[in-house]
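Remember, it's 1-based here, ligands and their atoms both numbered in the order they're listed.
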Amino acid sequence: MIDLGVNIDHVATLRQARRTYEPDPVWAAAEAHLGGADAITVHLREDRRHIIDRDVQLLRASVQVKLNLEMAATEEMIGIACQLKPEMVTLVPEGRHEVTTEGGLDVAGQKSRLGDVVHQLQDAGIYVSLFIDADLRQVEAAAQVRAQACEIHTGPYAHAFHDSGRDIASAPAQAELAKIANAGAAIIERGMRFNAGHALNYHNVQHVAGLAGVSELHIGHAIVSRAVFVGLREAVREMKRLMREAVPAS
Ligand code: PXP
């Protein structure tokens, strides 16, 4: 059955906008749990623009589902992860000037370095996922560095679907969805777990949730945006229902 990882970074974004103590992402994690989240995802960025060190410490102590720490493969973050021991780390590329993660990791271009990082994290008992584009070369490289999971970047699909007037039959949306499906099949064939995420929302999620073998979706912005109006617990519940009711792709 497909799982939902809820990214609560934007609750912290709101708090940091006023440099205050509310809303607290730790409260958000409990609400997301009650709405049916299977995992809580946070991205501890180098610039601490939303999630801060205090959050990850308190989340580690309080989250009762899987904690997924998104991070760049830097020495500082590796040290934090090895001490924190989240159930899963998702390695992502990080640019100081980006608004959000812009593309997948170039695993093929830094196999030796990433192989060492994956090994270090796994030695600390952490399950390691790599955020990559739907590119078979990157899937192959992820298998070579012994990642246990790949999260496929669904942004290009989400944008193609939106730009085509949410017509899943449109050629651009079909082409991007097919890339995700092919990458997913290659991930599974190489014995890794097939996860996906980025820019998924209440309109586009079902086509991805219906792909063969997809294990876990990581969704943040759409859920937190809806939560402003319906509350986080309800926003998570609605997303989870859509995912679980998705018709399997034929
Ligand atoms: N997966 C990864 C690797 C991400 O970096 C992000 C954004 O932080 C997400 C999923 C969630 O993306 P969104 O906020 O667009 O749902």
Side-chain angles (χ1 to χ4, degrees), residues 2-14 16 25 28-29 32 37-51 55-56 59 66-73 77 81 86 88-107 114 127-135 138 142 147-162 176 180 183-184 187 193-209 214-228 232 235-236 238-240 242-243:
I2 190 164
D3 283 347
L4 170 61
V6 176
N7 182 316
I8 55 172
D9 290 349
H10 291 319
V11 175
T13 300
L14 188 54
Q16 296 309 101
D38 302 288
I40 298 297
T41 297
V42 286
H43 185 174
L44 185 65
R45 282 183 169 267
E46 187 194 6
D47 62 10
R48 310 300 199 268
R49 70 170 76 154
H50 39 52
I51 293 294
D55 300 332
V56 293
L59 288 166
K66 179 162 82 177
L67 181 62
N68 173 33
L69 179 66
E70 273 181 27
M71 56 177 235
M77 288 301 154
M88 180 160 98
V89 157
T90 301
L91 293 175
V92 298
E94 197 175 292
R96 274 215 168 224
H97 301 292
E98 67 190 6
V99 174
T100 180
T101 313
E102 281 171 355
L105 264 183
D106 178 16
V107 187
L114 283 177
Y127 189 94
V128 181
S129 175
L130 304 181
F131 181 61
I132 57 171
D133 291 330
D135 173 346
Q138 299 297 347
Q148 288 138 305
C150 292
E151 179 177 333
I152 294 296
H153 187 352
T154 48
Y157 151 74
H159 295 125
F161 180 71
H162 180 80
E176 292 301 336
I180 301 171
I187 290 166
R193 190 174 162 101
F194 168 28
N195 297 340
H198 213 281
L200 293 176
N201 61 35
Y202 295 86
H203 302 288
N204 64 26
V205 72
Q206 288 199 308
H207 306 295
V208 175
V214 66
S215 292
E216 209 169 279
L217 300 183
H218 292 273
I219 309 178
H221 185 82
I223 292 176
V224 174
S225 299
R226 183 160 297 208
V228 171
L232 186 54
V236 171
E238 284 176 36
M239 185 60 83
K240 183 94 178 261
L242 285 173
M243 286 167 51

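Residue His198 holds the heavy atom nearest to atom 9 (C) of ligand 1 of all those in Glu94, His43, Met71, His198.
Residue Ala199 places a heavy atom under 4.0 Å from ligand 1.
Residues Lys240 and Asp38 are paired through a salt bridge, judged by an N-O separation under 4.0 Å between the basic side chain and the carboxylate. With salt bridges taken as basic N to acidic carboxylate O contacts below 4.0 Å, one links Asp47 and Arg49.
Remark: ligand 1 atoms within the under-4.0 Å shell around heavy atoms of Val92 are 3 (C). The atoms of ligand 1 that sit less than 4.0 Å from any heavy atom of His221 are 13 (P), 14 (O), 16 (O).
At a heavy-atom distance under 4.0 Å, only side-chain atoms of Glu151, from C-beta outward, approach ligand 1.
Polar contact check, Gly220 against ligand 1: a nitrogen or oxygen pair lies under 3.5 Å apart.
Side-chain polar atoms of Asn68 and Thr41 form a donor-acceptor pair below 3.5 angstrom. Side chains of Glu70 and His218: a donor-acceptor N/O pair is absent below 3.5 angstrom, by distance only.
Between His50 and Arg45 there is a side-chain heavy-atom pair separated by less than 4.5 Å.
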